Amino acid sequence: MQIRFADSRPQGDYALVVPVAGKDRSSLAALGESQQQVEAALDRQRFESEASSASEQFISENGSIRRLLVVGTGNGEAGGEAAEKLGGTAAARLQTSGEKTAVIDLGGGKYDADAAARVALGAALRSWRYDRYRTKLKDNQKPTLDEIVIVGGGAGAADRYQQRWAAVVEGVSLTRELVTEPANIIYPETFVERVRKSLDATGVEIEVLDRAAMEKLGMGALLGVAQGSVREARLLILKWNGGSQGGQPTAFVGKGVTFDTGGISIKPAAGMEAMKWDMGGAGAVVGAMKTIALRKAKANVVGICGLVENMPDGNAQRPGDVVTTMSGQTVEVINTDAEGRLVLGDAITYVQRTFKPGTIIDLATLTGAILISLGHEWAGLFSNNEELAGKLQEAGTESGDKLWRMPLAESFDRLIDSPIADMKNVGPREGGSITAAQFIQRFVENGVKWAHIDMAGKAWSDKASATYDKGATGYGVRLLDQYVADVLER
Ligand code: BES
Ligand code: MN
Ligand code: ZN
């Protein structure tokens, strides 16, 4: 699907999309002699212009028939999220409609350059789909829409889109692809290969550690998780140096469990297929690195993905095993299904020792408990630094990748003390997301600002939204990109 900006409507066949804001139907003047008839139809349909609502009609223009989609944009401002919803709604409605081209006529000057660019962003994000394994799609299920033309937005919309949002679409698409792929296709080695191909020519430097290299470094916790799988673990390191030379980098660290059976503490069968997306944190890190590289962000960032498969096997680690982490701290593995924190602990030690970042942000589909706390609307945010937490929450609000702050405290930390080792990998059932965060914090060195994002409820969605269909959401890419833009590029 192509996005294009134009000053006026093109010639020929296309579906016309016109936004209507609340009770103000002045935008329908664009319809010329059809306006009255369309308004009457809207009334008959009890159309109230709620955000993302749409009325499909046919009008005649110069003797031929044209599909018209009137899209409600609610009562608020024309920009931001409302603009994305408009583009997303148009794309979703028209993608398999039979139309090849959609023209979104923003007329009237209410949409400034960024608002118009965000209409395009919404349309592009909502158009993403992955049909690789669908060999029997019926003709009328196949996408037909191959071009969306945005007409009548403020001057500079095309530049704004190219400079900022086109890169976001690329990053989010990569993340969604990785998250969508099943675990027989994407496992640590192939995750690395896929990322290598996708980041080719972006200027991102790539380094990969295999098992032997990680053994040498003493990453016993990460390797303990991987040891039950025939798929060898990898640590993927991505470097983007767009900032000042030698400037202290910021680190993004992602949980990349390419499949989580739970290991010997095996999960129930029902719904286990969902655990193919237990690499959503790593997926977000990779997508964000692609985005910031494509838009040449003036920032120094390293992205680290701890890639493992958690399987039960004759060689798998057992409940009660004690592993030694790269930090030197020991862990009693009470539950092999609490594997993400084991992977992150070693990845965080590695990034601190190797790159001395001032700030670390980790993303992980870490706990079922965060779904109990926050459902599917917000990801949980844990941080040892007020300013960092505030900036991330702002970035979350701006980008739509929302974050809700959760507590950390010494009293929770005590709950993961172990009688035999320095710590155990699970606490009690209550407060499960918090003790998981406390575990990770034990690997954060003095003076490092750190935030942990538990996105278990966000990587995948069972229902469509304005900017994604059911399935992989791409959560985290926009959040990190916005953080880079707001904080690191200032
Ligand atoms: N990957 C899961 C967390 C998860 C659960 C993500 C459901 C998405 C949906 C994680 O590795 C896990 O299994 N966590 C356990 C921890 C428990 C054993 C302390 C959990 O949340 O049940
Ligand atoms: Mn698990
Ligand atoms: Zn997991």
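Everything quoted here is computed from the prediction, not taken from an experiment.
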(request) Test the Arg176-Tyr130 pair against the cation-pi criterion, namely NZ or CZ under 6.0 angstrom from the six-membered ring centroid and within 45° of the ring axis. (result) no
(request) May I ask you to check whether Asp469 and Trp128 show a side-chain donor-acceptor distance below 3.5 Å? (result) no
(request) To the nearest 0.5 angstrom, please state how far the CG atom of Leu94 sits from the CE atom of Met1. (result) 10.5 Å
(message) Side chains of Gln482 and Asp486 only: does a donor on one sit below 3.5 Å from an acceptor on the other?
(response) yes
(message) Side chains of Ser198 and Lys290: any donor to acceptor distance under 3.5 Å?
(response) yes
(request) Search all heavy atoms of Asn384 against all heavy atoms of Gln441 and return the closest pair with its distance. (result) CB-NE2, 3.7 Å
(request) Verify, without hydrogens or angle tests, whether Asn300 (side chain) and Pro249 (backbone) share a donor-acceptor contact under 3.5 angstrom. (result) no
(request) Decide salt bridge (charged side-chain N to carboxylate O under 4.0 Å, His left out) for Lys356 and Glu445; before the verdict, give the C-alpha distance in whole Å, the side-chain angles of both, and the deciding distance to 0.1 Å. (result) CA-CA 10 Å; Lys356 309 263 178 287; Glu445 290 168 4; over 6 Å; no
(request) Taking all heavy atoms of Leu363 and all of Gly476, pick out the closest pair and write down the distance. (result) CD2-CA, 4.1 Å
(message) Within the structure provided, determine whether Ile65 and Ile59 are in side-chain contact (heavy-atom separation under 4.5 Å).
(response) no
(request) Determine the minimum heavy-atom distance between Ser97 and Thr144, stating which atoms define it. (result) N-OG1, 3.7 Å
(message) Within the 4.5 Å heavy-atom criterion, are Ile292 and Asp481 side-chain neighbours or not?
(response) yes
(message) Working to the nearest 0.5 angstrom, can you tell me the gap between Phe252 CZ and Asp362 CG?
(response) 11.5 Å
(request) Would you check if Val285 and Val477 make a side-chain contact, meaning some heavy-atom pair closer than 4.5 Å? (result) no
(request) Kindly say whether Phe382 contributes a backbone atom to a donor-acceptor pair with the side chain of His452 at under 3.5 angstrom? (result) no
(message) Under a 3.5 Å distance rule, please check whether Ser64 uses its side chain to pair with a backbone N or O of Ser60 as donor and acceptor.
(response) no
(message) Is it the case that the side chain of Lys255 and the backbone of Thr365 share a donor-acceptor pair, with hydrogens and angles ignored and the cut-off at 3.5 Å?
(response) yes
(message) Less than 4.0 angstrom from a charged side-chain N to a carboxylate O is my criterion; do Lys298 and Glu489 meet it?
(response) no
(request) Looking only at non-hydrogen atoms, find the nearest pair between Gln352 and Pro357 and report the distance. (result) CA-CD, 3.8 Å
(request) Grab the two heavy atoms, one from Phe191 and one from Cys305, that are nearest each other, plus how far apart they are. (result) CE2-SG, 4.4 Å
(message) So for atom CD, which belongs to Gln45, do other residues, nucleotides or ligands contribute more than 12 heavy atoms lying within a distance under 6.0 Å?
(response) yes
(message) salt bridge (charged side-chain N to carboxylate O under 4.0 Å, His left out), that's the test. Do Asp105 and Arg9 meet it? Break it down for me.
(response) CA-CA 8 Å; Asp105 192 340; Arg9 292 208 235 151; 3.3 Å; yes
(request) Indicate yes or no: at least one non-hydrogen side-chain atom of Val20 is less than 4.5 angstrom from one of Thr73. (result) no
(request) Could you verify whether a donor N or O on one side chain and an acceptor N or O on the other, from Glu84 and Thr467, lie under 3.5 Å apart? (result) no
(request) With rounding to the nearest 0.5 Å, note down the distance linking OG1 in Thr190 to CZ in Arg196. (result) 13.0 Å
(message) Please determine whether salt bridge (charged side-chain N to carboxylate O under 4.0 Å, His left out) holds for the pair Asp200 and Lys197, giving the CA-CA distance in whole Å, both sets of side-chain angles, and the decisive distance to 0.1 Å.
(response) CA-CA 5 Å; Asp200 188 42; Lys197 280 203 190 100; over 6 Å; no
(message) If I take atom OH from residue Tyr350 and atom CG from residue Asp346, how far apart are they, to the nearest 0.5 angstrom?
(response) 12.0 Å
(request) Classify the side-chain pair Asn385/Ser383 by whether it contains a donor and acceptor separated by less than 3.5 Å. (result) no
(message) Show, in sequence, the C-alpha distance, side-chain angles and deciding distance for Val17 and Val103, and conclude whether the side-chain contact (heavy atoms from CB on, under 4.5 Å) test is met.
(response) CA-CA 6 Å; Val17 181; Val103 173; over 6 Å; no
(request) Quick one: do Asp43 and Arg25 satisfy salt bridge (charged side-chain N to carboxylate O under 4.0 Å, His left out)? Show the steps, please. (result) CA-CA 12 Å; Asp43 291 335; Arg25 288 182 174 173; 3.1 Å; yes
(request) Over 60° means perpendicular and under 30° means parallel, so classify the ring planes of Trp460 and Trp277, tilted if in between. (result) parallel
(message) Checking side-chain polar atoms at under 3.5 Å, does Ser55 have a donor or acceptor matched by the opposite partner on Gln57?
(response) yes
(message) Main chain of Ala115, side chain of Asp112: is a donor-acceptor contact present, judged purely on distance under 3.5 Å?
(response) yes
(message) Taking CD in Gln95 as the centre, count heavy atoms belonging to other residues, nucleotides or ligands within less than 6.0 Å. Is the count above 12?
(response) yes
(request) Flag the pair Glu177 and Arg194 as a salt bridge only when some basic side-chain nitrogen lies within less than 4.0 angstrom of an acidic carboxylate oxygen. (result) yes
(message) For the CE atom of Met406 and the OG atom of Ser373, what is their distance to the nearest 0.5 Å?
(response) 4.0 Å
(request) State, yes or no, whether a side-chain contact exists between Asp13 and Arg67 at a heavy-atom distance under 4.5 Å. (result) no
(request) Please check if the side chain of Tyr475 supplies one atom and the backbone of Lys402 the other of a donor-acceptor pair under 3.5 Å. (result) yes
(request) Determine the minimum heavy-atom distance between Ala78 and Ala83, stating which atoms define it. (result) O-CB, 3.5 Å
(message) Ignoring hydrogens and geometry beyond distance, is a side-chain donor-acceptor pair present between Glu181 and Tyr187 at under 3.5 Å?
(response) no
(request) Report yes if the side chains of Trp165 and Arg478 come closer than 4.5 Å at any heavy-atom pair, otherwise no. (result) yes
(request) In plain terms, say whether Asp278 and Lys276 are close enough for a salt bridge, that is, a side-chain N and a carboxylate O under 4.0 Å apart. (result) no
(message) Is it the case that the side chain of Thr202 and the backbone of Leu199 share a donor-acceptor pair, with hydrogens and angles ignored and the cut-off at 3.5 Å?
(response) yes
(message) With a 4.5 Å cut-off on side-chain heavy atoms, are Leu307 and Glu189 touching?
(response) no
(request) Please determine, by modelled atom types, if Glu147 and Gln2 share a side-chain donor-acceptor pair under 3.5 angstrom. (result) no
(request) Using modelled atom types only, decide if a donor and an acceptor are shared between the side chain of Glu205 and the backbone of Lys239 within a distance under 3.5 Å. (result) no
(message) Please check this pair: side chain of Thr175 against backbone of Gly283, looking for a donor-acceptor N/O pair closer than 3.5 Å.
(response) yes
(request) Kindly say whether Ala167 contributes a backbone atom to a donor-acceptor pair with the side chain of Thr291 at under 3.5 angstrom? (result) yes
(request) Indicate yes or no: at least one non-hydrogen side-chain atom of Leu366 is less than 4.5 angstrom from one of Ile440. (result) yes
(message) Rounded to the nearest 0.5 Å, what separates atom CD in Glu170 from atom CZ in Arg295?
(response) 14.0 Å
